[in-house]
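It should be emphasised that the depicted structure is a prediction, and the values quoted were computed from it without experimental measurement. Just so we're on the same page: letters track the sequence lines, and every chain starts at 1.
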Protein chains: 2
Amino acid sequence: MLAKSTQYAIRALVFIQLRNWEKQRPGVEEIAREIEAPVAYSAKILQTLTRHRLLGSVKGRGGGFAFEEMQSELSIYGVIHVMEGDSCFHNCGFGLKSCNSANPCPLHEEYGVMRDGFFDIVKSETIHSLSKKIQDGNAVLNRFG
Amino acid sequence: MLAKSTQYAIRALVFIQLRNWEKQRPGVEEIAREIEAPVAYSAKILQTLTRHRLLGSVKGRGGGFAFEEMQSELSIYGVIHVMEGDSCFHNCGFGLKSCNSANPCPLHEEYGVMRDGFFDIVKSETIHSLSKKIQDGNAVLNRFG
DNA sequence: TGATAAAAGGACCCGTAAGTCCTTATATAA
DNA sequence: TTATATAAGGACTTACGGGTCCTTTTATCA
């Protein structure tokens with residue numbers, strides 16, 4: 001499963017995208033409220049995202065977070081990558097250091113298929129595509145819809 | 001990904017199965033060495049497994065661990081269940097408390113497919129089936145084969 | 001230019017998984 | 001029956017992800 005901080009990050013980015021489409025630039029408090037995460041922790045996560053240039057931020061009065069050009073086609077994989085690394089896409093499901101097709105663990109094939117499937121999903125889905133589903137009413141971001 | 005303790009548990013059980021087929025009953029030290037895990041920690045894990053009756057143990061001289069009748073058809077799911085619970089088969093990949101087909105998160109469909117696929121694997125594969133792959137030379141348990 | 005509203009950043013705390021150590025219980029063999 | 005080899009168990013430590021708090025920086029507005 002994805003780390004909690006990664007989940008917060010994805011939810012936050014989707015929310016920011018939705019607000020950006022409304023020409024708004026949400027701040028930490030609004031974002032934290034919407035994604036149901038602690039304010040201070042959300043701030044840390046947003047800081048990480050901006051530091052890695054996945055997101056833009058504006059300080060001072062009227063400031064907040066917004067995507068800059070090219071940033072919103074960010075894939076979910078990109079978010080996972082900066083939040084928790086991508087070892088979950090490489091590591092053996094059995095925990096073996098040296099597991100490969102020449103020297104497979106007993107779960108190598110099946111696990112590999114599943115893992116690659118997940119990789120395809122997170123590579124093809126983007127903050128943009130997820131946000132669109134919500135805007136079109138085909139998905140929700142929290143319990144309030 | 002599976003917890004480290006779950007991975008150790010599965011590897012340990014497979015090794016025990018292989019040794020049992022050779023009419024042997026390995027002890028903690030031998031098991032730990034083979035699965036490349038700390039001895040004391042392996043002991044803890046084996047204790048958990050026997051306490052939950054997934055495995056038999058014999059104390060004292062010449063003692064060790066062995067499957068009793070019916071125990072070796074144990075599914076991988078069964079091991080996961082006692083080692084770390086099964087929340088990973090239920091929780092939303094997006095981290096939403098209330099995500100379901102009526103109120104789906106933007107990843108609900110795709111994530112569900114993957115998660116169910118993983119569930120099918122761990123439900124159908126057993127300690128016995130994994131051990132057999134190794135015995136048949138179609139898989140390895142550690143870097144030495 | 002000063003007050004204020006925001007993000008950035010550093011230092012710290014907390015809970016849990018991972019891991020260690022020492023003692024106790026129990027079986028076997030001499 | 002005693003010494004010994006083993007698993008069981010409890011108490012502890014360590015590492016790390018998750019989370020808080022306080023200060024600093026930077027922008028805007030009056």
Does atom [atom1] of [X] have more than 12 heavy-atom neighbours, drawn from other residues, nucleotides or ligands, at distances under 6.0 Å?
{"X": "A:E29", "atom1": "CD", "answer": "no"}
{"X": "A:E69", "atom1": "CD", "answer": "no"}
{"X": "B:R53", "atom1": "CZ", "answer": "no"}

Report task. Rounded off to whole Å, could you give me the CD1-to-C1' distance for the A:I35 and D:dG19 pair? Result ->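 Taking CD1 of A:I35 and C1' of D:dG19, I get 13 Å after rounding.
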Report task. Report the residues that fulfil salt bridge (charged side-chain N to carboxylate O under 4.0 Å, His left out) with A:K133, sequence neighbours left out, ordered by chain and then residue number. Result ->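 In terms of salt bridge (charged side-chain N to carboxylate O under 4.0 Å, His left out), with neighbours along the sequence ignored, A:K133 is linked to A:E125, B:E110.
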Report task. In sequence, state the C-alpha distance, the side-chain angles, and the governing distance for A:R19 and A:E34, and then conclude on salt bridge (Lys or Arg N to Asp or Glu O under 4.0 Å). Result -> CA-CA 11 Å; A:R19 294 293 278 150; A:E34 184 71 15; over 6 Å; no
Requested in this report: Give a yes/no on whether any side-chain N or O of A:S57 is located under 4.0 angstrom from OP1 or OP2 of C:dA6.
Outcome: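 For A:S57, the contact criterion (side-chain N or O under 4.0 Å from OP1 or OP2 of C:dA6) is not met.
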Query raised in the report: Which atom pair, heavy atoms only, marks the closest approach of B:M83 to B:T6?
Result: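 The pair with the smallest heavy-atom distance is CB-OG1, 3.5 Å.
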**Report entry** Heavy-atom pair of closest approach, residues B:F15 and B:E30
**Finding:**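 That closest heavy-atom pairing would be CZ-OE2, 3.6 Å.
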Query raised in the report: Taking DNA chain D as the partner, which of residues 1-14 of chain A come within under 4.0 angstrom of it by heavy atom?
Result: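 Nucleic-acid contacts, sorted: A:A3, A:K4, A:S5, A:Y8.
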Query - Same apolar cluster: A:V39 and A:L55, side chain cutoff 4.5 Å - result: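 Yes, A:V39 and A:L55 fall within the same hydrophobic cluster.
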Requested in this report: Scan B:V39 against the nucleic acid and name what it touches under 4.0 Å (heavy atoms): base, sugar-phosphate only, or nothing.
Outcome: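 Counting heavy atoms under 4.0 Å across all strands, no contact is made by B:V39.
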Identify all pairs in which a protein N or O lies below 3.5 Å from an N or O of nucleotides 2-4 of chain D, and state each distance.
unit_1: D:dT4; atom_1: O4'; unit_2: B:R61; atom_2: NH2; d: 3.2
unit_1: D:dT4; atom_1: O3'; unit_2: B:R61; atom_2: NH2; d: 3.4

Can you give me the N/O atom pairs linking the protein to nucleotides 23-25 of chain D at distances under 3.5 Å, or say none if there are none?
none

Query - Validation row: B:H108, B:C92 side chains within 4.5 angstrom (heavy atoms) - result: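 Result no, sub-4.5 Å side-chain heavy-atom pair not found.
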Requested in this report: Would you please classify the geometry between the A:Y77 ring and the A:F89 ring as parallel, tilted or perpendicular, with 30° and 60° separating the classes?
Outcome: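 It falls in the tilted class, 30° to 60°.
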Query raised in the report: Could you give the angle between the helix axes at the two ends of the helix from C:dT1-D:dA30 to C:dA30-D:dT1, with five pairs per end, rounded to 10 degrees?
Result: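 One end's axis against the other's: 10°.
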Query raised in the report: Hey, which of these two, A:P38 or A:G60, hits DNA chain D nearer its 5' end, going by closest nucleotide?
Result: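 Its nearest nucleotide being more 5', the pick is A:P38.
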Query raised in the report: Which residues in residues 40-50 of chain A have at least one heavy atom lying under 4.0 Å from any atom of DNA chain C?
Result: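 By residue number: A:K44, A:Q47, A:T50.
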Query raised in the report: For the side chain of B:D136 and the backbone of B:N138, is there at least one donor-acceptor N/O pair under 3.5 Å apart?
Result: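 Side chain of B:D136 to backbone of B:N138, a donor-acceptor pair under 3.5 Å: no, none is there.
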Query raised in the report: Hey, does the side chain of B:R115 reach the backbone of B:C88 with a donor-acceptor pair shorter than 3.5 angstrom?
Result: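 A pair under 3.5 Å: no.
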